[in-house]
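Working notes for the structure below.
The first residue in the sequence is number 1, and the count goes up from there.
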Amino acid sequence: MEYLLDVHTHTIASGHAYNTIMEMARSAQEKGLKLLGITEHAPKMPGTCDTMYFHNLKVVPRTMYGIELMLGAELNIIDYDGHVDLDAQSLQKLDLKIASMHSPCLVPGTKEENTRAVLGAIHNPYVDIIGHPDDGIYPLDYEPIVKAAKETDTLLEVNNNSLNPAGSRKHTRENLITMLNLCIQYEQPVVLNSDSHIFCDVGRRDFSEALLEEIHFPRELVVNRSVEVFKEYISRKYRK
């Protein structure tokens, strides 16, 4: 299957990534992508950019090197009710919003607490994608998460970095298999993202693609096959 988009990447603005927007766009162009999402870490992440950075994204062109750009944030889920660290006024101005749990911003809770946090983010009308819902330091009950994502037209992410043996997330393979089998059961789409923090990882999907092939995950539930399919899916939430 041809993969045409990667919508979870970071630049030097995030504080612990290593390339500029232009360098990331050039890498996307060289790898044959049509759409690149740049989603800087939101303000609660140590070392990242200030809220003003997100307010000023209006000045950045949405095309570079022939690649369409969507610019947004990887929001931090900051409590067990699923609140995130940018307000509604800021979120309205962004092209793309991913909500994730990160240990510098939320102490891991019980399975019930962590699940409630993710469900709260899913029901946020501005959240498009739940990022890396696979990290075992945040145990989750995946069935209500998949059902809520289906109900709200929120995409669930298959994060290539999570499956990298050099990564720091826990029990990601087992957790993703559980989540993906539920996605098959409930016909819930997913998006494959690199979570790239450096140019050479843009569009990377080797670990994710191998896992999807292993469990025979349906092609039609992977939105990366079409820019139009991806955009149409994330726009549904705003039409409800």
> Sequence neighbours excluded, which residues qualify as salt bridge (charged side-chain N to carboxylate O under 4.0 Å, His left out) partners of D79?
Replying inline: none

> Can you hop from I38 to L96 via hydrophobic side chains spaced under 4.5 Å?
Replying inline: no

> When you measure from the side chain of T48 to the backbone N and O of G15, does any donor-acceptor pair fall under 3.5 Å?
Replying inline: no

>> Tell me if a side-chain donor or acceptor on Y65 pairs with a main-chain N or O of E30 at a distance below 3.5 Å.
In response: no

>> I'd like to check D128 versus L155 (side-chain heavy atoms, cut-off strictly below 4.5 Å). Are they in contact?
In response: no

> Taking N114 for the side chain and P139 for the main chain, is one N or O donor matched with an acceptor at less than 3.5 Å?
Replying inline: yes

>> Assess the residue pair E151 and K147 against the criterion (side-chain contact (heavy atoms from CB on, under 4.5 Å)); give the C-alpha distance rounded to whole Å, side-chain angles, the decisive distance to 0.1 Å, and a yes or no.
In response: CA-CA 6 Å; E151 176 189 341; K147 291 171 73 174; over 6 Å; no

>> If you count every heavy atom of other residues, nucleotides or ligands that lies below 6.0 Å from F54 atom CZ, does the total exceed 12?
In response: yes

> F217, V158: one ILVMFWY side-chain cluster at the under-4.5 Å cut-off?
Replying inline: yes

> Does any N or O in the side chain of N19 come within less than 3.5 Å of the main-chain N or O of M24, such that one atom is a donor and the other an acceptor?
Replying inline: no

>> Testing the basics here: between P43 and D50, what is the closest heavy-atom pair and its distance to 0.1 Å?
In response: CG-C, 4.4 Å

> Could you give the distance from CD1 (I77) to NE2 (H102), rounded to the nearest 0.5 Å?
Replying inline: 9.0 Å

> Any sub-3.5 Å donor-acceptor pair from N175's side-chain atoms to H171's backbone N or O?
Replying inline: yes

> Regarding E228 and S226, is there a side-chain donor-to-acceptor distance under 3.5 Å anywhere?
Replying inline: yes

> For atom OH of Y18, is the number of surrounding heavy atoms from other residues, nucleotides or ligands below 6.0 Å larger than 12?
Replying inline: no

>> Go through it in stages, so that I can follow the logic: the residues are H132 and E157, the test is side-chain contact (heavy atoms from CB on, under 4.5 Å), and I'd like the CA-CA distance, side-chain angles, deciding distance and then a yes or no.
In response: CA-CA 6 Å; H132 49 78; E157 179 181 72; 4.0 Å; yes

>> Would the distance check show the side chain of N124 and the main-chain N or O of Y126 forming a donor-acceptor pair, the cut-off being under 3.5 Å?
In response: yes

> Going from CG on D135 to OG1 on T172, what distance comes out if it is rounded to the nearest 0.5 angstrom?
Replying inline: 8.0 Å

> Which pair of heavy atoms, one from A73 and one from L86, lies closest together, and at what distance?
Replying inline: CB-CD1, 4.1 Å

> Would you say Y233 and D153 make side-chain contact, with heavy atoms under 4.5 Å?
Replying inline: yes

> Do Y3 and V222 come close enough that some side-chain heavy atom pair is under 4.5 Å?
Replying inline: yes

> Does K44 pair with D85 as a salt bridge, N-O distance under 4.0 Å?
Replying inline: no

> What's the verdict on side-chain contact (heavy atoms from CB on, under 4.5 Å) for L5 and V191, showing C-alpha distance, side-chain angles and the deciding distance?
Replying inline: CA-CA 9 Å; L5 56 100; V191 58; 4.2 Å; yes

> Just by distance, with hydrogens left out, do S162 and D134 show a side-chain donor and acceptor under 3.5 Å apart?
Replying inline: yes

>> Do V227 and I234 sit in one hydrophobic cluster, given that two such residues count as connected whenever their side-chain heavy atoms are within less than 4.5 Å of each other, even indirectly?
In response: yes

> If every non-hydrogen atom of I137 is compared with every non-hydrogen atom of P108, which pair is closest and at what distance?
Replying inline: O-CB, 3.1 Å

> Taking atom types as modelled and ignoring hydrogens, do the side chains of S208 and N160 form a donor-acceptor contact shorter than 3.5 angstrom?
Replying inline: yes

> How far apart are the C-alpha atoms of E232 and R236, what are their side-chain angles, what is the distance that settles it, and do they pass the salt bridge (Lys or Arg N to Asp or Glu O under 4.0 Å) test?
Replying inline: CA-CA 7 Å; E232 195 280 330; R236 294 180 191 177; 3.1 Å; yes

> Which heavy-atom pair separates A117 from M101 by the least distance, and what is that distance?
Replying inline: CB-SD, 4.4 Å

> What is the distance from atom CD of E143 to atom OG1 of T178, rounded to the nearest 0.5 Å?
Replying inline: 11.0 Å

> Where do I145 and T115 land on the side-chain contact (heavy atoms from CB on, under 4.5 Å) test, with the steps shown first?
Replying inline: CA-CA 7 Å; I145 288 171; T115 301; 4.2 Å; yes

>> Any donor-acceptor pair under 3.5 Å linking the side-chain atoms of S90 with those of D87?
In response: yes

> So, the side chain of E40 versus the backbone of T11: is there a donor-acceptor pair under 3.5 Å, distance only?
Replying inline: yes

>> With rounding to the nearest 0.5 angstrom, report the CG to OG distance, D201 to S27.
In response: 8.5 Å

>> Within a 6.0 Å radius of atom CD on E187, are there more than 12 heavy atoms belonging to other residues, nucleotides or ligands?
In response: no

>> Can you confirm whether T152 sits close enough to V127 that some side-chain heavy atom of one is under 4.5 Å from a side-chain heavy atom of the other?
In response: no

> Among L119, I122, I98, which residue meets the side-chain contact (heavy atoms from CB on, under 4.5 Å) test with I130?
Replying inline: I122

> For the side chain of N164 and the backbone of A166, is there at least one donor-acceptor N/O pair under 3.5 Å apart?
Replying inline: yes

>> Give me the atom names and distance for the closest heavy-atom approach of L69 to A25.
In response: CD2-CB, 4.3 Å

> Looking only at heavy atoms, what is the nearest atom pair of K97 and L75, with distance?
Replying inline: CB-CD1, 4.0 Å

>> So Q188 and L221, do their side chains get closer than 4.5 Å, heavy atoms only?
In response: no

> Is it true that a side-chain atom of R62 and a backbone atom of V60 form a donor plus acceptor pair closer than 3.5 Å?
Replying inline: yes

> Is there side-chain contact between L211 and L180, with at least one heavy-atom pair below 4.5 Å?
Replying inline: yes

>> Tell me if a side-chain donor or acceptor on Y138 pairs with a main-chain N or O of L106 at a distance below 3.5 Å.
In response: yes

> Does the distance from a Lys or Arg side-chain N to an Asp or Glu carboxylate O, for D6 and K31, drop under 4.0 Å?
Replying inline: no

> Taking atom OH of Y142 and atom CG of L176, what is their separation to the nearest 0.5 Å?
Replying inline: 7.0 Å

>> Under a 3.5 Å threshold, yes or no: a donor from one side chain and an acceptor from the other, between R169 and N159?
In response: yes

> Charged N to carboxylate O under 4.0 angstrom, E112 versus R116?
Replying inline: no

> Would you say K170 has more than 12 foreign heavy atoms packed within less than 6.0 Å of its NZ?
Replying inline: no

> In chain order, what residues pass the ring pair (Phe, Tyr, Trp, His ring centres under 6.0 Å) check against H10, with sequence neighbours excluded?
Replying inline: H8, H41, H197

> Out of curiosity, L57 CG to D95 CG, how far, rounded to the nearest 0.5 Å?
Replying inline: 8.0 Å

>> Tell me whether E220 at atom CD has more than 12 heavy atoms from other residues, nucleotides or ligands lying less than 6.0 Å away.
In response: yes

> Just wondering, do R225 and R219 contact through their side chains at under 4.5 Å, heavy atoms?
Replying inline: yes

